[in-house]
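Residue indices begin at 1 and follow the sequence shown. Everything quoted here is computed from the prediction, not taken from an experiment.
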Amino acid sequence: MQRRDFVKLLSIGVSGLFIPAGGQTHRPDAAQKSSPPKPGYEGIDRLLKYVDPLPIPSRLQPVRKNKGKLEYKVRMMQFQQHLHSQLPPSTLWGFEGKYPGPVIEGVVNEPMSIEWINQLPEKHLFEIDTTIHGAMPPTPSVRTVTHLHGAHTAPENDGLPEKWIQPGHSVTYHYPNQQRAATLWYHDHALGITRLNNYAGLAGMYFLRGEEEKKLNLPAGPYEIPLVLQDRLLNDDGRLIYSASSMTIKRIAPGIWGPEFFGNVPVVNGAIFPYLEVEPRRYRLRVVNASNSRFFSIFFSDPAIPFSNVAMKFFQIGTDGGLLPQPVELTSVMLGPGERADLVVDFSGHEGKKFIVSNYASAPFPGTGMDESPMKAAPLQQLMEVRVTASLRGKDNSAKPAWSVPFERLQTETAVKTRDLVLYEFLDAQQNSHGLKINRLGYDDPVTETPKLNTTEIWRFINTTDDTHPMHLHLVQFQVLERRSFNLQKYLDSGVIEFSGKVRLPEKDEMGWKDTVRVNPGEITSIIIPFQGFTGKYVYHCHMLEHEDNDMMRPFEVMP
């Protein structure tokens, strides 16, 4: 039985508490402690919006330059930070003691090295489910491994999930930066607890810059704004907690894995409901969806009638793997976890106006199609406010997004092999998820995908579940070929693919290089991938972190 079928049997208004067979009620509780809320705080539902400025992550500085290579040191630390001025400080983990971490900047073809240093305490912030793969004893509860998402690196520098380090240890990774300029990001990837480490705050952005991008005269300096989109869960006294979502109840007790996580507040650059003051000119917004499970479809709405209208169009100029062939004018942009969008927004002519950065993506995504459901999470329709109230400090000399760049469209006839990768979710007798797999295999099963170096392959993701899965491949950038619906029941019964709809080409904003692709339920999504540069072991997985942790992640090995 699929989730969409089972939920129709459920009554509306299921309790948000996890009640096991014994009848004892477990209330969500975090390992961290915090002081009481500030005076005037009246609960999460009455948290004031747009009273705190948007934090802008600082740029990380190198410690030295050795033989032409920049060297960096990045510490993972525990600290306290205010997520909102009405709330007590939250205990977090972060790179260089910041949430999100500092922006790291690289230059195309200029190598760098980063020493990732684990200075975290021995006790985790959140309770760990020690029954899932990678987290079983005697594995230490606190361990980290940093993956530079979107980077083209040798396998020993990739941040493979099992290559974690404990507190008091460090590892140095080398990044050749031999790829297109792009918006990358770095985050924890430790096997079995990726969802918890990222939720604790271990994420940051990495801008790889190049000459092609520089020639376009894009908004820069204070007019280039990183936006790290996430959601977090606060309890009634304002404390940060982690409690996953189930299929039959709204929350699962801490320490028990659940298939998804949805928070009750949006967080942008580490702040809940922030505001950004801008000048009436063009800005470059570099956006990453760094949430555990939540999708964002963002647009600009009018504060007078928020969420119900589109108040301004914008241009998307780049995606995961860098610049699009030409800018695409949009009213909204959809981002699954792990995806990035490089945007140019023109605020000129809007002096004195305010806009709400809004979101209309449901949770779970794409949702059950029911208006009321015990599976449905808070939609988080408003994320932040933009105020066009700053004085123009000088003429806007940035170029209008009306250019094109050279782009090679891969041809299907160049592929030497087509692989089918089937996405499954396994349910128990009570219709609770107890894991997700690819081709019915888990992470430790033998490698079955062995592409050869300097060849091109087509991979078809066949989605038999009710979720849209953002599938991410390490090492490579690929292009989306098509999506097509199919007869799911016939496939489950006989293994025969019977297409039931027309070919759907990728959206205009997906026509560039990608490393993460949205795979919709009941569809087969095809991508074409060149395997270049390095041989060795890498991984591909769903970037919904709860799925990745149990067990929708598989290795692949690039062969000589």
Side-chain angles (χ1 to χ4, degrees), residues 27-36 55 57-58 60 63 72-83 87-102 104 114-132 134-147 159-173 186-204 228 230 232-235 237-244 253-257 261 263 267 270 290 292 545-546 548-549:
R27 296 185 179 274
D29 189 22
Q32 58 177 310
K33 302 295 182 183
S34 64
S35 56
S58 60
L60 185 70
V63 294
Y72 293 82
K73 290 181 182 290
V74 180
R75 300 166 294 174
M76 289 163 266
M77 308 163 66
Q78 182 169 298
F79 58 98
Q80 289 201 323
Q81 178 175 315
H82 282 279
L83 303 180
L87 296 176
S90 295
T91 302
L92 302 168
W93 291 357
F95 295 99
E96 286 301 298
K98 299 174 182 178
Y99 164 61
I104 302 174
I114 302 178
E115 183 183 5
W116 303 102
I117 307 167
N118 187 339
Q119 293 185 357
L120 296 169
E122 299 287 342
K123 182 177 176 57
H124 207 288
L125 276 183
F126 305 109
E127 295 181 44
I128 296 172
D129 188 336
T130 58
T131 66
I132 67 173
M136 298 176 180
T139 305
S141 62
V142 176
R143 48 202 161 81
T144 62
V145 56
T146 306
H147 169 57
L160 289 170
E162 68 271 25
K163 300 294 184 181
W164 44 261
I165 56 173
Q166 294 179 245
H169 294 78
S170 70
V171 63
T172 299
Y173 286 163
Y186 59 99
H187 60 84
D188 182 78
H189 211 298
L191 193 64
I193 56 170
T194 296
R195 69 197 186 285
L196 302 176
N197 287 358
N198 280 265
Y199 187 76
L202 291 174
V228 180
Q230 296 174 305
R232 292 293 183 264
L233 180 63
L234 303 179
N235 65 6
D237 64 6
R239 286 192 300 121
L240 178 69
I241 58 176
Y242 177 90
S243 180
I256 300 176
W257 175 86
F261 170 87
V267 180
N292 281 39
L545 303 184
E546 283 68 27
E548 170 186 339
D549 274 346

Are N118 and T144 close enough that a side-chain donor and a side-chain acceptor fall under 3.5 Å?
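N118 vs T144: donor-acceptor pair found between side chains.
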
H189 versus N198, side-chain donor and acceptor atoms under 3.5 Å
no

Taking only residues two or more places apart in sequence, or in another chain, which ones meet W164 in a ring pair (Phe, Tyr, Trp, His ring centres under 6.0 Å)?
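Partners of W164 by the ring pair (Phe, Tyr, Trp, His ring centres under 6.0 Å) criterion come out as none, since no residue qualifies.
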
Partners of Y199 by ring pair (Phe, Tyr, Trp, His ring centres under 6.0 Å), sequence neighbours excluded?
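If we apply the ring pair (Phe, Tyr, Trp, His ring centres under 6.0 Å) test to Y199, skipping adjacent residues, the hits are F126, Y242, F261.
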
[X] to [Y] - nearest heavy-atom pair and separation:
X    : Y    : value
I256 : A244 : O-CB, 4.4 Å
G238 : L87  : CA-CD2, 3.9 Å
L83  : G270 : CD2-O, 3.4 Å
K98  : S58  : NZ-OG, 2.8 Å
R143 : D188 : O-OD1, 4.3 Å
N197 : H124 : OD1-NE2, 2.7 Å

Can a donor-acceptor pair be found, under 3.5 Å and without considering hydrogens, that links the side chain of [X] to the backbone of [Y]?
X    : Y    : result
H169 : I117 : no
E96  : G101 : no
T139 : A135 : no

Hey, are the side chains of [X] and [Y] touching, using non-hydrogen atoms and a 4.5 Å cut-off?
X    : Y    : answer
H187 : H147 : yes
P121 : V142 : no
I241 : P254 : no
P57  : P102 : no

Salt bridge K73-E115, side-chain N to carboxylate O under 4.0 Å:
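Looking at K73 and E115, the cut-off is met.
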
Roughly how far, to the nearest 0.5 Å, is [atom2] of [Y] from [atom1] of [X]?
X    : Y    : atom1 : atom2 : value
T146 : L202 : OG1   : CG    : 7.0 Å
Y173 : K163 : OH    : NZ    : 8.5 Å
T91  : Q80  : OG1   : CD    : 4.0 Å
S90  : L125 : OG    : CG    : 10.0 Å
L240 : L92  : CG    : CG    : 6.5 Å
M76  : F95  : CE    : CZ    : 5.5 Å

For this output row, return yes or no: ring centroids of Y186 and W116 closer than 6.0 angstrom.
yes

For S141, which residues count as a side-chain hydrogen bond (donor to acceptor under 3.5 Å, both in side chains) partner, sequence neighbours excluded?
none

Among E546, Q230, E548, R195, the one residue meeting side-chain hydrogen bond (donor to acceptor under 3.5 Å, both in side chains) with N292
E546

